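Notes for the one structure printed next.
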Amino acid sequence: DEGMLTTFQDLNRAEIQRSARGEVFVLSGTPIFGIPMLALLYPWEESGLKQTAVVLFSAESLVEAFSTGSVNESFIVNHNNDLLVHNNFELIKVGANFSDMTIIQNMRSNNDLNRQMVFKDKDGQEFYGSYNKLSIGDCGVITTIQAALVMEPVYATLKQNLYLTLAVLMIAILFIYFFSKTISTP
């Protein structure tokens, strides 16, 4: 629909103008078009006229890839920390911005391309997270998982080892007790 394209251009005019001056951007078209869609804004010069090539493409395969059903949560944000790809389509559809996430603030304030870290969300819940900055459009791929879920198997193994140690200790004590009874009797 041409009206949707015009709306997209109007809402992203600043990025389109910056792209014509040489910057590359990746934007979400999902809030406007209602389907998983990304837009690549790429500088284009033809006949001495600086322009922007806008390439709209489906993000369905990316959304499916990020919807693995595992306990971790992975997503992609752009230069404004707007959500581009996430397993929750409703967040993409409303144009969610993740600027308030600690891991994204850390990603933007550091010059490293990737990092792993432990952080707390606004509710005080502890998470393990990692990010990787993409070389195009100042995008970042972020993966997070609750610390409690990561440590759950460790605690289960620790508990199992404790039970096994106690069982072996009790068997050893019983063996020594009965063996000592056979050595001498008063």
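From a predicted model like this one, the values you see are computed outputs, not experimental measurements. By convention here, the first residue in the shown sequence is residue 1.
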Linking I/L/V/M/F/W/Y whenever their side-chain heavy atoms sit closer than 4.5 Å, directly or via other members, would [X] and [Y] fall into one cluster?
X      : Y      : answer
Leu134 : Val26  : yes
Phe75  : Phe57  : yes
Tyr177 : Val168 : no
Val55  : Val24  : yes
Tyr155 : Tyr128 : yes

Just how far is it from atom [atom1] of [X] to atom [atom2] of [Y], taken to the nearest 0.5 Å?
X      : Y      : atom1 : atom2 : result
Ser130 : Ile145 : OG    : CD1   : 10.5 Å
Asn78  : Ser28  : CG    : OG    : 8.0 Å
Leu162 : Thr157 : CG    : OG1   : 12.5 Å
Met101 : Phe127 : CE    : CZ    : 7.0 Å
Asp121 : Ile103 : CG    : CD1   : 12.0 Å
Met170 : Leu166 : CE    : CG    : 8.5 Å

Main-chain N/O of [Y] paired to [X] side chain as donor or acceptor, under 3.5 Å:
X      : Y      : value
Ser19  : Glu23  : yes
Thr102 : Lys120 : yes
Gln146 : Gln125 : no
Ser58  : Glu60  : yes

Looking at every non-hydrogen atom in both residues, tell me the closest pair between [X] and [Y] and how far apart they are.
X     : Y     : value
Lys93 : Thr30 : CA-CG2, 3.8 Å
Gly34 : Phe89 : O-CZ, 3.6 Å
Leu91 : Val94 : O-CG2, 3.4 Å

Checklist entry - Can you find a pair of side-chain heavy atoms, one from Met107 and one from Arg115, that are under 4.5 Å apart? => result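 Of all side-chain heavy-atom pairs linking Arg115 with Met107, none is under 4.5 Å.
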Item to check | Sub-4.5 Å side-chain heavy-atom contact between Asn114 and Lys133 | outcome: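 They are not in contact (no side-chain heavy atoms under 4.5 Å apart), so the answer is no.
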Checklist entry - Are there more than 12 heavy atoms of other residues, nucleotides or ligands under 6.0 Å from atom CG of Asn111? => result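 No.
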Checklist entry - More than 12 heavy atoms of other residues, nucleotides or ligands under 6.0 Å from OH of Tyr42: is that the case? => result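 Atom OH in Tyr42 is not crowded, with 12 or fewer foreign heavy atoms closer than 6.0 Å.
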Checklist entry - Of Leu113, Thr144, Asp112, which is the lone residue that meets side-chain contact (heavy atoms from CB on, under 4.5 Å) with Tyr131? => result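 Single side-chain contact (heavy atoms from CB on, under 4.5 Å) partner of Tyr131 among Leu113, Thr144, Asp112: Asp112.
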Checklist entry - Between Leu38, Val77, Leu84, which is the residue that forms a side-chain contact (heavy atoms from CB on, under 4.5 Å) with Cys139? => result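 Per the side-chain contact (heavy atoms from CB on, under 4.5 Å) rule, the option paired with Cys139 is Leu84, out of Leu38, Val77, Leu84.
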Checklist entry - Salt bridge or not for Lys50 and Glu45, using N-O below 4.0 Å? => result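 No, Lys50 and Glu45 are not salt-bridged.
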Checklist entry - Salt bridge or not for Lys122 and Asp100, using N-O below 4.0 Å? => result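 Yes, Lys122 and Asp100 are salt-bridged.
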Next on the checklist: Evaluate Glu73 against Asn87 for side chain to side chain contact (heavy atoms under 4.5 Å, CB included), listing each step before the verdict.
Outcome noted: CA-CA 8 Å; Glu73 183 176 77; Asn87 63 354; 4.3 Å; yes
Item to check | Evaluation steps, side chain to side chain contact (heavy atoms under 4.5 Å, CB included), between His86 and Val63 | outcome: CA-CA 6 Å; His86 193 277; Val63 171; over 6 Å; no
Checklist entry - Members other than Leu56 in its cluster, when Ile, Leu, Val, Met, Phe, Trp, Tyr link by side-chain heavy atoms under 4.5 Å? => result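 Met4, Leu5, Phe8, Leu11, Ile16, Phe25, Leu27, Ile32, Phe33, Ile35, Met37, Leu41, Val54, listed by chain and number.
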Checklist entry - If you group Ile, Leu, Val, Met, Phe, Trp and Tyr whenever their side-chain heavy atoms sit less than 4.5 Å apart, what else falls in with Ile173? => result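 Listed partners: Leu169.
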Item to check | Verdict with reasoning, Thr143 to Phe66, per side chain to side chain contact (heavy atoms under 4.5 Å, CB included) | outcome: CA-CA 10 Å; Thr143 299; Phe66 280 67; over 6 Å; no
Checklist entry - Will you find, in the side chains of Asp82 and Asn97, an N or O donor that is under 3.5 Å from an N or O acceptor? => result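 Yes, a side-chain donor-acceptor pair sits under 3.5 Å.
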Checklist entry - Would you say the side-chain atoms of Glu15 and Asn80 include a donor-acceptor pair closer than 3.5 Å? => result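 Note: Glu15 and Asn80 side chains meet the donor-acceptor criterion.
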